[in-house]
Amino acid sequence: MKIQFDSAAANKVQKHLDESKKLLLTFEDGVGAYSQHAMIHMQVQFTINIVGNDMPIDGYNAVVHSNIGDLLIKDYSAADLEENMTIKLNSHLGTLQLTGDGGAIDDNVGFIDFTDKNGLKNNPVK
C-alpha cells in the first residue's frame with residue numbers, strides 16, 4: 001500500500017517534519033489518542049497527524065509507504081484504503097484530498113501537528 005503526495009501537499013506536511021517526528025494516517029473512529037471523534041458518518045474520514053517520536057502510538061500497527069516517509073495506520077483502517085493512493089492539496093480551500101484508483105476516499109483530510117501547541121486548534125477541517 002502506498003500514497004503519493006503531490007508537491008503542494010508534500011510541502012504543507014514536510015514543513016512540520018524532522019527526525020524527531022512520525023507521520024500517522026488516523027482513521028477518525030474515536031479509537032486512540034489521536035482520533036478526534038467517533039460520530040456516525042455517511043463517509044470515511046482520515047486525518048494526517050504528526051507526533052513526536054516519544055509520543056505513544058498504541059494501535060498504529062501497520063505501515064503505508066509514501067514519497068515523504070512512512071505513515072503508520074491502525075491495521076483495520078486498511079479496509080477503507082486502496083493499494084495506490086494520492087494526497088493532493090486543494091489550493092482553493094487549503095484542504096487535503098485522499099484518492100485511490102477507485103476515486104475519492106476523503107475529500108477533506110484533516111492535518112494536525114500534535115507536537116505544536118496550536119496544532120489541534122489550527123486543524124482547518126474538524
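Note that the CG atom of Leu71 and the NZ atom of Lys22 stand 12.5 Å from one another [nearest 0.5 Å]. Once rounded to the nearest 0.5 Å, the distance linking NZ of Lys74 with CG of Asp80 reads 11.0 Å. In this structure, CG on Leu98 lies 6.5 Å from CG on Leu81, to the nearest 0.5 angstrom. In this structure, CG on Asn61 lies 9.0 Å from CG on Leu72, to the nearest 0.5 angstrom. In this structure, Asp106 CG and Gln97 CD are separated by 9.5 Å, a value rounded to the nearest 0.5 Å. To the nearest 0.5 angstrom, Thr95 atom OG1 is 4.5 Å from Asn90 atom CG.
Within the 4.5 Å cutoff, the side chain of Ile87 has no heavy atoms near those of the Asp6 side chain. Asp70 has its side chain out of reach of Val64: every pair of non-hydrogen atoms, C-beta onward, lies at least 4.5 Å apart. In this structure, Met85 and Ile105 have side chains that are in contact, with non-hydrogen atoms separated by less than 4.5 Å. At least one side-chain heavy atom of Leu24 sits under 4.5 Å from a side-chain heavy atom of Ile57. Ser77 places none of its side-chain heavy atoms less than 4.5 Å from the side chain of Tyr60. Residues Phe5 and Gln14 form no side-chain contact, since every pair of their non-hydrogen atoms from C-beta on lies 4.5 Å or further apart. You'll find the side chain of Tyr34 reaches within 4.5 Å of the side chain of Val51, heavy atoms only.
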Worked check of side-chain contact (heavy atoms from CB on, under 4.5 Å) between Ile50 and Phe114 = CA-CA 6 Å; Ile50 294 179; Phe114 282 99; over 6 Å; no

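Between Ala104 and Thr99, the closest heavy-atom pair is CA-CG2, 4.0 Å. Here the shortest heavy-atom pairing between Glu82 and Met1 reads O-CG, 3.3 Å. Considering all non-hydrogen atoms of both residues, Gly52 and Thr115 come closest at N-CG2, 3.3 Å. Closest of all the heavy-atom pairs between Val13 and Leu23 is CG1-CD2, 3.7 Å.
Note on ring orientation: taking the six-membered ring where Trp is involved, the planes of Phe27 and Phe46 are tilted (angle from 30° to 60°).
Between the side chains of Thr47 and Asn49, not a single donor N or O lies within less than 3.5 Å of an accepting N or O. Using modelled atom types and a 3.5 Å distance limit, the side chains of Gln4 and Thr86 yield no donor-acceptor pair.
No more than 12 heavy atoms of other residues, nucleotides or ligands shown are found within 6.0 angstrom of NZ on Lys2.
Using modelled atom types, one side-chain atom of Lys12 and one backbone atom of Gly94 make a donor-acceptor pair closer than 3.5 Å. Judged by distance alone, the side chain of Thr26 and the main-chain N or O of Glu28 form no donor-acceptor pair under 3.5 Å.
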